[in-house]
Trainee: 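A single structure is presented below for examination.
Labels below follow one simple rule: chain letters A, B, ... track the order of the sequence lines, proteins then strands, and each chain is numbered from 1. None of the values given here were measured: they were computed from a predicted structure.
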Number of protein chains: 2
Amino acid sequence: MSRPRDNLSIGALAETAAVNIETIRFYQRKGLMAEPARPPGGIRRYGHAELARVRFIKSAQRLGFSLNEIAELLSLDDGTHCRDARRIAAHKLDDMRGKLADLRRMEAALKRLVARCDATHGTITCPLIASFK
Amino acid sequence: MSRPRDNLSIGALAETAAVNIETIRFYQRKGLMAEPARPPGGIRRYGHAELARVRFIKSAQRLGFSLNEIAELLSLDDGTHCRDARRIAAHKLDDMRGKLADLRRMEAALKRLVARCDATHGTITCPLIASFK
DNA sequence: TTTACGGCCGTACCAAAGTACGGAGTCAAG
DNA sequence: CTTGACTCCGTACTTTGGTACGGCCGTAAA
């Protein structure tokens, strides 16, 4: 069942995932993704597992997780430490709810600011800046 | 109208604003806040303008602005660039909405994971990770 | 007045997350 | 069978947002 794009070089993988080649290597060095075995003296090939992994890392990063946290998140995926995984996941969930709350506040604040900027159009003090004072 | 806390040393300012002294100096070096003139050979004093400025920077950081973006926002505070400030804020708002959506998906996934860990006590594949594949 | 606490200043260092580079080796097309 | 594009690997450099350090000096309390 391997799809057409399942025999990628590192360059092709990087391009498909829209990251720099060096970023892939960096993630490998960091242990965030495995390096596929290389046929002796040959070139490594990457498939959609690796592509998914890179995309996962990038998604999680956008959500404000550090690479270390992402490593922890990935460690939940082994299926053999469900209790530990639950604990870590619950902790992350708390985290995430905090971040959600922050983001919602940020969104509301920004929305108000943008609206006020639209409304006041040419006053002396920008409400965006005044609002922090 | 100057309040009691209007004659702060840098240390007191830092403490009041709950940041490191070095952080204040760093912001000064970066041009994010002015250094009050020092009475020749003397010690600088800070008032609530400076306190407000530090708090502004910290607030804006929590809203996801980088120090460079904050500098840009501050440079627009002359009353004539409200439209530019609006543009920057609107852009951030977009950012933030994307993040909110992602985070909500992730929260849902984690909640399911925790529930399933509670329920199955066995080996499953992390739905959080699966959700990105 | 002495002494200690803190401010001033410059420089150096830190962690995170890459990015760049150079000298190999490999592989496919012409 | 050579050339050019790409991989591999190690090392070094970069940016962001700070922190730490050390020598000098001012100010305030004992």
Trainee: Which of the following nucleotides, C/dG7, C/dC8, C/dC27, is nearest to the side chain of B/Ser9?
Mentor: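 Per side-chain heavy atoms of B/Ser9, the pick is C/dG7.
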
Trainee: Below 4.0 angstrom from OP1 or OP2 of C/dG18, is there any side-chain N or O of A/Lys58?
Mentor: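 Yes, within the criterion.
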
Trainee: Using the side-chain heavy atoms of B/Tyr46, tell me which of these nucleotides is nearest: C/dC8, C/dA20, D/dT19.
Mentor: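 The nucleotide sitting nearest to the side chain is C/dC8.
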
Trainee: With heavy atoms under 4.0 Å as the rule, sort B/Arg38 into base, sugar-phosphate or nothing.
Mentor: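 Sugar-phosphate: the residue B/Arg38, judged by heavy atoms under 4.0 Å, touches backbone atoms but no base.
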
Trainee: Can you check the B/Phe26 CZ to C/dG10 P distance for me, whole Å?
Mentor: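 Answer to the nearest Å: 16 Å.
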
Trainee: Roughly how many Å is it from CG in A/Asn7 to C1' in C/dC27, rounded to a whole number?
Mentor: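 Distance check: A/Asn7 CG to C/dC27 C1' gives 14 Å.
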
Trainee: Working to the nearest 0.5 Å, report the span between NE2 of A/His48 and CD of A/Glu50.
Mentor: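 That separation rounds to 9.0 Å.
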
Trainee: Are any of A/Asn68's side-chain N or O atoms less than 4.0 Å away from OP1 or OP2 of C/dA16?
Mentor: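 Yes, such a contact exists.
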
Trainee: Roughly, in whole Å, what's the span from CG in B/Leu67 to P in D/dG18?
Mentor: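 Nearest whole value for this atom pair: 5 Å.
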
Trainee: Nearest whole Å is fine: how far is C/dG10 P from B/Glu22 CD?
Mentor: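 In whole Å, C/dG10 P and B/Glu22 CD are 13 Å from each other.
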
Trainee: Think B/Tyr27 has a side-chain N or O under 4.0 angstrom from the OP1 or OP2 of D/dG18?
Mentor: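 So the side-chain polar atoms of B/Tyr27 do come within 4.0 Å of the phosphate oxygens OP1 or OP2 of D/dG18, strictly under.
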
Trainee: Phosphate oxygens OP1/OP2 of C/dG18: is one of them under 4.0 Å from a side-chain N or O of A/Gln61?
Mentor: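 Checking A/Gln61 against C/dG18: at least one side-chain N or O falls below 4.0 Å of OP1 or OP2.
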
Trainee: Give the C-alpha distance, both sets of side-chain angles, the deciding distance and a yes or no for side-chain contact (heavy atoms from CB on, under 4.5 Å) between B/Ile10 and B/Arg44.
Mentor: CA-CA 7 Å; B/Ile10 192 171; B/Arg44 278 182 254 273; over 6 Å; no

Trainee: In whole angstroms, how far is the P atom of C/dC9 from the CD1 atom of B/Ile43?
Mentor: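 It is 11 Å, rounded to the nearest whole Å.
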
Trainee: Which is more 5' along DNA chain D, the nucleotide nearest B/Asn20 or the one nearest A/Glu35? Just name the residue.
Mentor: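 The 5'-side residue here is A/Glu35.
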
Trainee: When you measure from the side-chain N and O atoms of A/Thr23 to the phosphate of C/dT19, is any distance below 4.0 Å, counting only OP1 and OP2?
Mentor: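 Checking A/Thr23 against C/dT19: at least one side-chain N or O falls below 4.0 Å of OP1 or OP2.
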
Trainee: Could you tell me whether the phosphate oxygens of D/dT11, OP1 or OP2, come under 4.0 Å of any side-chain nitrogen or oxygen in A/Arg29?
Mentor: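 The answer is no; no side-chain N or O of A/Arg29 sits under 4.0 Å from OP1 or OP2.
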
Trainee: Quick one: pull up CG in B/Leu73 and CG in B/Leu32 and give me the separation to the nearest 0.5 Å.
Mentor: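 If I round to the nearest 0.5 Å, the distance is 10.5 Å.
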
Trainee: Roughly, in whole Å, what's the span from CD1 in A/Ile24 to P in C/dA20?
Mentor: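 Checked: the CD1 to P distance equals 15 Å.
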
Trainee: Find the distance A/Leu32:CG to C/dA16:C1' and express it as a whole number of Å.
Mentor: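 So the two atoms are 12 Å apart, to the nearest Å.
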
Trainee: Separation of A/Arg25 atom CZ from C/dG18 atom P, in whole Å?
Mentor: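 Distance check: A/Arg25 CZ to C/dG18 P gives 16 Å.
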
Trainee: Taking the minimum atom-to-atom distance to the side chain of B/Ile21, which one of C/dG7, D/dA20, C/dC8 wins?
Mentor: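 That would be C/dG7.
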
Trainee: Just checking B/Glu15: does its CD atom have more than 12 heavy atoms from other residues, nucleotides or ligands closer to it than 6.0 angstrom?
Mentor: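 No, because the 6.0 Å sphere around CD of B/Glu15 holds 12 heavy atoms or fewer from other groups.
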
Trainee: Rounded to the nearest 0.5 Å, what separates atom CG in A/Leu67 from atom CZ in A/Phe26?
Mentor: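 Spacing of CG (A/Leu67) from CZ (A/Phe26) equals 6.0 Å.
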
